[in-house]
Amino acid sequence: MARMLIRVDADLNEDLLTAFPQLVARHHPASTTLSGDVADQQELQGILNLLTSLGVDVVEVVTIPEA
């Protein structure tokens, strides 16, 4: 399991965020970051595919180092 941060080029509303219950959203001007634990590459790819299918551009995907 890895902790991930996904930055998207959109201000995701609460309805869209319900699609990602395992992630915590932080809103920024004209963007949103989603962070949380992702079990494996398959789960990460599923999140990225869902964002793409919703028309949301993914700007950055970063693994957050363990403290």
Side-chain angles (χ1 to χ4, degrees):
M1 186 170 305
R3 180 164 288 285
M4 304 297 296
L5 179 128
I6 302 166
R7 185 178 316 276
V8 299
D9 191 20
D11 187 10
L12 300 181
N13 64 38
E14 294 303 316
D15 289 336
L16 287 176
L17 292 174
T18 61
F20 310 100
Q22 74 276 37
L23 302 175
V24 175
R26 290 190 176 77
H27 298 279
H28 309 278
S31 70
T32 303
T33 56
L34 303 168
S35 61
D37 294 327
V38 177
D40 53 28
Q41 282 295 116
Q42 185 176 358
E43 183 179 10
L44 176 60
Q45 193 59 52
I47 292 168
L48 297 175
N49 288 342
L50 182 53
L51 287 165
T52 299
S53 73
L54 293 170
V56 176
D57 292 327
V58 175
V59 176
E60 180 178 28
V61 178
V62 178
T63 301
I64 301 171
E66 293 184 31

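Here the structure is a predicted model, which means the values were calculated and not measured.
Ala30 approaches Asp9 most closely through the heavy-atom pair O-OD1, 3.6 Å. His28 approaches Arg26 most closely through the heavy-atom pair CD2-O, 3.3 Å. Nearest approach of Leu12 to Leu16, heavy atoms of both residues: CD2-CD1, 3.9 Å.
Proximity of Asp37 to Gln22: side-chain heavy atoms (C-beta onward) are nowhere separated by under 4.5 Å. Side-chain atoms of Leu17 and Leu34, non-hydrogen and from C-beta on, do get closer than 4.5 Å to each other.
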For residues 60-67, which side-chain donor-acceptor pairs fall under 3.5 Å, sequence neighbours excluded?
unit_1 : atom_1 : unit_2 : atom_2 : d
Glu60  : OE1    : Arg7   : NE     : 3.1

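With values rounded to the nearest 0.5 angstrom, Glu43 atom CD is found 10.5 Å from Leu48 atom CG. Here the NE2-CG distance, from His27 to Asn13, works out to 8.5 Å after rounding to the nearest 0.5 Å. Note: Phe20 CZ to Thr32 OG1 = 10.5 Å, rounded to the nearest 0.5 Å. Note that the OG atom of Ser35 and the CD1 atom of Ile6 stand 9.0 Å from one another [nearest 0.5 Å]. Atom-to-atom distance recorded for Met4:CE and Ile47:CD1 is 8.5 Å, nearest 0.5 angstrom.
Note: the hydrophobic cluster containing Leu54 also contains Leu44 (ILVMFWY, side chain heavy atoms under 4.5 Å, direct or indirect links).
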